[in-house]
Protein chains: 2
Amino acid sequence: MENSSGQKKFATIKDYILSQVETAAWPEHSRIPSENELATQFSVSRMTARRALQELTEQGVLYRTQGVGSFVASPKSQSSLLEIRNIADEIQHRGHFHKAELVQLTSLPCPGVVATALGLSRNAPVFFSLIVHYENQQPLQLEARYVNPQQVPDYLAQDFVLQTPHEYLSAVAPLTDAEHIVEAVLPDELTRQHLKIPASEPCLRLTRRTFSRGGAVSFAYLTSAGSRYRLGGHLSIKPKT
Amino acid sequence: MENSSGQKKFATIKDYILSQVETAAWPEHSRIPSENELATQFSVSRMTARRALQELTEQGVLYRTQGVGSFVASPKSQSSLLEIRNIADEIQHRGHFHKAELVQLTSLPCPGVVATALGLSRNAPVFFSLIVHYENQQPLQLEARYVNPQQVPDYLAQDFVLQTPHEYLSAVAPLTDAEHIVEAVLPDELTRQHLKIPASEPCLRLTRRTFSRGGAVSFAYLTSAGSRYRLGGHLSIKPKT
DNA sequence: CCGAACAACTTGTATATACAACTAAATTCA
DNA sequence: TGAATTTAGTTGTATATACAAGTTGTTCGG
């Protein structure tokens, strides 16, 4: 099943193609050998050659069009990805104790920014929750969240000490998309108080907008003390588009 | 080739499995029918059933172990991904003008932190570059980068005004992995000067470690003024692990 | 000259088959 | 009892084949 080099056959073909792409022997958007040509060249079946092409397509190295051929994708806009996990998972993953304190849970007239984000009318009623997340009794993150009442009518009836808004929303309106903005800001008075930090301490603010099948679901500001929180992770590279 | 519902057969099986998983009829980590069982149940070949399982595994819905079976992955740790693009691309994508100013380019004894990150000995020679990135003549980001001399011996001979380190490194040592940490910090004196910001302005600091086939390539601090820079993006959701 | 039909080639889906690699449980044997 | 072996079941790799579906260029007919 393996060839002389101890590799799987489809892997050999993948390596070959990758080397051609990386050395730019096969330039961007150029057509590469067809399944049948590769099969002949490497003395394998078409299905095996196909698998190599298939996997490289999933990895974003190639793109293919039925009836036309396989082409080299543009490796230009290679971008890395940063994983964003929810705070409760992260704390528990570190083996620490997570606690949520509910400060406010109410309906209020929708501010302009939020109206735009959620596709509501200005001053239309919107649900709002303010929660402080603790890691081992130390305040870590302030979560200010606006929720679309049309999508999640029972939001105000939940107990967010037992279940985080993220968990509840995931269950009620499985999210299909999310938008994030990460910024460094100085804390406002409210944040200062709840996180118990000095006014000069920089904070990491994650602005997060989530969508479900039906449209925009929630809009949240997740603010953490810079000295206590970092956003981090490890991810492999994916060339895109 | 298609069944009565006008769907591809492997898609029918995927939908079936997904429905079982979503309704929790098949709970987390439970074993699901084998390839052969699904093949019989849906009157398709094993290869077709296999494809359904395969694709769901790639999507993170299932995990499989050779010799054991296929299992439902935990949808819990659903995490979103934030795209991190390099600064020059981002500026140009906004239609603005990018300029790089080289402050320093030298070899120096490796600091402890960097030695650990790059797998070098402490005080062993390491290449270092300090570059200010401008957007429309305004300083936006300070890039302090340490480079592994074994991986990139010609680093010091480059002209980083013409080509950013990121571009050069991508060409010389195609990166296979990257690690990121995002933090909110107050600027040190050096950063303050080069970005021309007050000491009280919070900064977004991206610590980035990149790897190529041969191992760790570079370790960089990318610091930007909070008022001028945000990390943002839109990405669809992927369940993981 | 133009359009329709055709031919050649591409990728996409599906089947049937074989064997390899691996795991876990049952069985055998000392 | 306990360790080695067998066995049954699972996923993984690979092949050969067939036809569907889509694209592109050529040929043919008007």
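If you're wondering where the values come from, they're calculated on a predicted model, not measured in any experiment.
- One atom, CZ of B:Arg50, and another, C1' of C:dT13, lie 16 Å apart when rounded to the nearest Å.
- Atom pair B:Leu38:CG and D:dT10:C1' shows a separation of 13 Å (rounding to whole Å applied).
- With sequence neighbours excluded, the residues forming a ring-ring contact (aromatic ring centres under 6.0 Å, His included) with B:Phe42 are B:Tyr16, listed by chain and number.
- What separates CD1 of A:Ile13 from P of D:dT13 is a distance of 13 Å, to the nearest Å.
- Straight-line distance from the CZ atom of B:Phe42 to the P atom of C:dT13: 18 Å, rounded to whole Å.
- Between the side chain of A:Arg209 and the main chain of A:Ala117, a donor-acceptor pair closer than 3.5 Å is present.
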Please write out each protein N/O paired with an N/O of nucleotides 6-10 of chain C under 3.5 Å, distance rounded to 0.1 Å.
unit_1 : atom_1 : unit_2  : atom_2 : d
C:dT10 : OP1    : A:Ser34 : OG     : 3.4
C:dT10 : O2     : A:Gly67 : N      : 3.2

Distances under 3.5 Å between protein N/O atoms and the N/O atoms of nucleotides 15-17 of chain D, please, pair by pair.
unit_1 : atom_1 : unit_2  : atom_2 : d
D:dT15 : OP1    : A:Lys9  : NZ     : 2.7
D:dT15 : OP2    : A:Ser45 : N      : 3.1
D:dT15 : OP2    : A:Thr48 : OG1    : 2.5

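- Between the CG atom of B:Leu62 and the P atom of D:dG12 there is a distance of 11 Å, rounded to whole Å.
- As rounded to whole Å, 8 Å separates atom P of D:dA21 from atom NZ of B:Lys8.
- For the pair A:Leu53 CG and D:dA14 P, the computed distance is 14 Å after rounding to whole Å.
- When heavy atoms are screened at a 4.0 angstrom cut-off, B:Arg51 is found touching the sugar-phosphate backbone but no base atom.
- Every salt bridge (charged side-chain N to carboxylate O under 4.0 Å, His left out) that B:Glu135 has, sequence neighbours left out, goes to B:Arg94.
- Side-chain atoms of A:Gln158 come within 3.5 Å of backbone N or O of A:Asp154 as a donor-acceptor pair.
- Aromatic ring orientation, A:Tyr146 versus A:Phe219: tilted (interplanar angle from 30° to 60°).
- No hydrogens or angles considered: a donor-acceptor pair under 3.5 Å links the side chains of A:Gln54 and A:Arg64.
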request  = Evaluate the side chain to side chain contact (heavy atoms under 4.5 Å, CB included) criterion for residues A:His98 and A:Glu90: first the C-alpha distance (whole Å), next the side-chain angles of each, then the deciding distance (0.1 Å), finally the verdict.
outcome  = CA-CA 9 Å; A:His98 168 260; A:Glu90 217 167 292; over 6 Å; no
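- A search for ring-ring contact (aromatic ring centres under 6.0 Å, His included) contacts involving A:Phe10 returns nothing, not counting sequence neighbours.
- Between the CD atom of A:Gln7 and the P atom of D:dG12 there is a distance of 18 Å, given to the nearest Å.
- For B:Phe97, the ring-ring contact (aromatic ring centres under 6.0 Å, His included) test picks out no residue, with sequence neighbours left out.
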